[in-house]
Amino acid sequence: MTCKKFYVALLHWEFIYVITAFNLAYPITPWRFKLFCMPPNTTYDLLLPAGISKNTSNLSGHYEAVVEAKFNSSGTYFSNLSFKTTFPCCFWSEQDKNCSAPGDNIDKKAFVSTVNSLVFQQIGANWNIQCWMKEDLKLFICYMESLFKNSVKNYDLKVHLLYVLPEVLEESPLVPQKGSFQLVQCNCSVHECCECHVPVPTAKLNYTLFIYLKIAYGGVVFQSPLMSVQPINIVKPDPPLGLHMEITDSGNLKVSWSSPTLVPFQLQYQVKYSENSTTSMRKTDEIVSATSLLLDSVLPGSSYEVQVRGKRLDGPGIWSDWSTPLIFTTQDVIYFPPKILTSVGSNVSFHCIYKNENKIVSSKKIVWWMNLAEKIPESQYNVINDHVSKVTFPNLNATKPRGKFTYDAVYCCNEYECPHRYAELYVIDANIKISCETDGYLTKMTCRWSTNATQSLVGSTLQLRYHRSRLYCSDVPSIHAISEPKDCHLQRDGFYECIFQPIFLLSGYTMWIRINHSLGSLDSIPTCVIPDSVVKPLPPSRVKAEFTVKTGLLKISWEKPLFPENNLQFQIRYGLSRNEVQWKRYDVYDAKSKSASFPVPDLCAVYATQVRCKRLDGLGYWSNWSIPAYTVVMDINVPVRGPEVWRIIDEDTTKKERNVTLLWKPLMKNDSLCSVRRYMVKHHTSQNGTWSEDVGNHTKFTFLWTEQTHTVTVLAVNSIGASFANFNLTFSWPMSKVNIVKSLSAYPLNSSCVILSWKLLPSDYNLMYFILEWKILNEDNEIKWLRIPSSVKKYYVHDYFIPIEKYQFSLYPIFMEGVGKPKIINSFTQDNIGKHQNDAGLYIIVPIIISSSILLLGTLLMSHQRMKKLFWEDVPNPKNCSWAQGLNFQKVPLSIFLTQNI
């Protein structure tokens, strides 16, 4: 027995010598391996459980409990060990069943020990180790776990990892020298688990990494053999993401997931799932290279649990951890999909499997209902197989919200009843209009769109996406697979606004709105915009408004904006300058025009004017209106006419002279065009000829009338000249005695209106017009007067008349030859006053009488009908009486009816 132990020890030393001589390093495998540690003068069978061969070719995992039992009874010997004592270790893995001896060229003193072998037999050390490269390809990790959980609980455990990564990539790198190793301390927990981290540059993933471990506790130091690995060969991916299960149109269960995004190679996946139904229970797993797996037909009332992990497809690698379990439970009625989000005008389909009283209903007996109120026509049904029924909805309209429900409920029923579960159909109007405009400087494009179409879809988010083509737009815009999102911001008016800057004027920007929701995503109808075609120019500048002299036209002038360089059309709006301007518009289509002139009704008012522009070919938008320009009131021509003139004559009978005071009213702006600076009185007599007098701005002028005939004309003068059309007034002694007014009557209607009427005598003179003047009798009040056309025989005078006062009315006929003799009355006419007053009242009274008569007649007719029903309801029809058979009631006299009744 002693010889055998010595022989084993001798072989052990020989093996160490060979490894040391050839500088070999133990290759790290993608699987777990175990680290065994022992003194150099101790045979393997002292440390391994009974029943295991001394050559370690048949090591198995059940040795752990046996060894743990030995160590639990020998914890008292740790204090006898020196801190400087180092014991070598060897590796054993499930794939490599031979325990590899240490090749320690790092410190040969590790094989010299004075420790009593009997003591070491009772302690020993063994670990499970696995090393891998994280998916981010930046961190190398080694994880150690003690096989005996209670062996070192009373001692401090310290683990260090020493590593070196060559600077140059070599096909057969040599084992580095001791001084080149870097040391990192591993993080250990109270459960005898440690984790060591080594940073690895991305550029050196194919380099050979050399490491070894030093493990110390209870005064004992264990050292592993030298290990080597290329980090790229032991990458451990992250677990697959987004594990999802859904039912396909054919009723199968589809499992899908997403691959980790950081790995630089393709992965293979292992899927394990279990099914638990009322009729069976099964478990299985499969390995696939795709990111989805189609399982068997799904059953109502069943539960499915799935997990997935990944590993490198080609080449070595480590399986990732299992993903979080996903449990999928089916109800008694299965809708697939259970919810659909779609847009107006699309076609969608629902499938269902219905289980009623533990029995699956035949698909031929399934009936579909909408909101339990409308049976869906059977023409929309389709049988997929014995258990799966399908219904299709063509050309859908937008869902109308019903209270808090924003969807339509679709029910899968049998012939007699419907389950309480239903599928949900969301149909929204995704036709969102996007409008864009390019600024006048051609530097940016602003796009806007409203959210009103999607307000009913709670939980949705909207995003503008676009694709820019190099030149122009296609005839039919379409959604591109390659697109970019654009940040848009909600404005106060409820519109989203996005700004493209810089822009390419001739590029085609195809854009659409993507509606993202937990049920899926929808895209609006795409539109394509060319920035050059949606330009909103800057408004015209230096706008000026004025009236042209002599012609009296409103003239607007402007300067076109610098951009765009296209031909532009212009639009002018103008109106009287008030708080609220009533605008009128005038279009200018001549691109070369810089001004426009047109007539306006009031030449002496202030007009506000603005100008805007747009491309002449119709593309783009109107610019904003320019800054308002205002006209200035100024004289644009001589006055249209002179003022109307009358006179007051003060006669001196002793001197046979008459002082004539001329009276006239100031001209209005429309007659003066547009102001009067002064008035001039022009005289003409038969003896003294013609002369003029400037009376300034006065409206009275007195002169001495001495000759038999004297004609005066009052001219209005402005900055341009004197009026051409004027009123002449001729004073003639002979004409002052001509009387053609036969009678004059004045009838007061009320305190503000008096009717004057008159009759004329035949005359050979040329009558031009009448002058009517009135005043309060016996008072020196100002005389009021007005001009009346010669064809008028009745006139309504509007003024404030005091009923208790007496008024004098004078009617003067004005001939071309001079002023005739007036007809004067000093009071209102008494006869027929009531007639004239009644004439005015008839216009009010007659409509009232007619309306009252119609109302009274309608009331009588309604009352007659009600009385007839009240009193004659129970009177029998005489035609139904026996005595009246054969009688013609239209010819029988009333006495017959009376006799029969008696």
Side-chain angles (χ1 to χ4, degrees), residues 241-242 244 246 249 256-262 266 290-292 337 339-349 394-396 398 426-439 442-455 457 459-491 495-536 564 619-621:
L241 307 173
H244 175 69
E246 62 181 352
D249 294 348
S256 57
W257 58 90
S258 299
S259 173
T261 57
L262 298 178
Q266 190 176 356
T291 56
S292 63
K339 300 178 181 179
I340 291 181
L341 171 64
T342 188
S343 58
V344 171
S346 59
N347 303 332
V348 298
S349 298
N395 195 21
L396 287 167
Y426 298 80
V427 185
I428 65 172
D429 187 359
N431 186 20
I432 302 175
K433 183 179 180 181
I434 305 173
S435 60
C436 300
E437 67 178 43
T438 303
D439 71 325
L442 307 182
T443 59
K444 66 179 181 179
M445 181 173 66
T446 303
C447 296
R448 290 166 54 85
W449 46 279
S450 174
T451 61
N452 294 334
T454 58
Q455 286 181 350
L457 189 60
S460 61
T461 59
L462 307 179
Q463 183 185 59
L464 184 141
R465 302 193 68 86
Y466 74 97
H467 172 82
R468 183 180 70 86
S469 59
R470 299 188 65 180
L471 199 63
Y472 301 115
C473 291
S474 61
D475 294 336
V476 180
S478 60
I479 294 176
H480 290 255
I482 301 175
S483 62
E484 299 180 41
K486 190 66 180 177
D487 291 333
C488 302
H489 302 284
L490 183 62
Q491 307 299 307
F495 281 78
Y496 277 89
E497 188 173 282
C498 323
I499 297 177
F500 293 83
Q501 189 176 21
I503 56 175
F504 300 86
L505 285 177
L506 299 180
S507 291
Y509 289 77
T510 302
M511 55 187 73
W512 62 93
I513 303 301
R514 178 158 294 172
I515 306 170
N516 296 310
H517 193 266
S518 58
L519 299 178
S521 63
L522 295 176
D523 292 325
S524 66
I525 299 174
T527 182
C528 189
V529 178
I530 301 174
D532 183 64
S533 300
V534 292
V535 176
K536 182 178 182 179
L619 297 177
Y621 299 91

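It should be emphasised that the depicted structure is a prediction, and the values quoted were computed from it without experimental measurement.
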Query - Beyond-backbone contact of V427 with V344, side-chain heavy atoms, under 4.5 angstrom - result: yes

Requested in this report: Determine the minimum heavy-atom distance between C473 and G508, stating which atoms define it.
Outcome: SG-CA, 3.7 Å

Query raised in the report: Counting only N and O atoms by type, is there a donor-acceptor contact under 3.5 Å from the side chain of D439 to the main-chain atoms of K444?
Result: yes

**Report entry** CA sep, side-chain torsions, deciding dist, call: F495, S435, side-chain contact (heavy atoms from CB on, under 4.5 Å)
**Finding:** CA-CA 11 Å; F495 281 78; S435 60; over 6 Å; no

**Report entry** Approximate separation, where rounding is to 0.5 Å, of L396 CG and I428 CD1
**Finding:** 12.5 Å

Report summary line: Shortest non-hydrogen pair, A430 vs I515, comes out as CB-CD1, 4.1 Å

Report task. Indicate the atoms forming the closest heavy-atom contact of W449 with C488, along with that distance. Result -> NE1-SG, 3.8 Å

Query raised in the report: Could you give the distance from CZ (F500) to OG1 (T438), rounded to the nearest 0.5 Å?
Result: 10.5 Å

Query raised in the report: If every non-hydrogen atom of P531 is compared with every non-hydrogen atom of I503, which pair is closest and at what distance?
Result: CB-CD1, 4.1 Å

Query raised in the report: How about C498 and C447, are their SG atoms within less than 2.5 Å of each other?
Result: no

Query raised in the report: Do other residues, nucleotides or ligands put more than 12 heavy atoms under 6.0 Å from D487 CG?
Result: no

Requested in this report: Applying ring pair (Phe, Tyr, Trp, His ring centres under 6.0 Å), name anything that partners H467, two or more places apart in sequence or on another chain.
Outcome: H480

**Report entry** Any pair counted as side-chain hydrogen bond (donor to acceptor under 3.5 Å, both in side chains), so long as it reaches residues 498-513, sequence neighbours left out
**Finding:** R468-S507

Query raised in the report: How many angstroms lie between atom CD1 of I513 and atom CG of N431, to the nearest 0.5 angstrom?
Result: 11.5 Å

Query - Heavy-atom closest pair, residues S349 and P337 - result: O-CD, 4.1 Å

Query - Spacing of CZ belonging to R465 relative to CE belonging to M511, to within rounding of 0.5 Å - result: 13.0 Å

**Report entry** Main-chain N/O of H489 paired to Q491 side chain as donor or acceptor, under 3.5 Å
**Finding:** yes

Query raised in the report: If you round to the nearest 0.5 Å, how far is OH of Y426 from CG of L341?
Result: 9.0 Å

**Report entry** Residues in side chain to side chain contact (heavy atoms under 4.5 Å, CB included) contact with T461, at least two apart in sequence or another chain
**Finding:** N516

Report task. Mark yes when over 12 heavy atoms from residues, nucleotides or ligands other than L442 sit less than 6.0 Å from its CG; otherwise mark no. Result -> yes

Query raised in the report: At what distance, to the nearest 0.5 angstrom, does CD1 of I530 lie from OG of S469?
Result: 7.5 Å

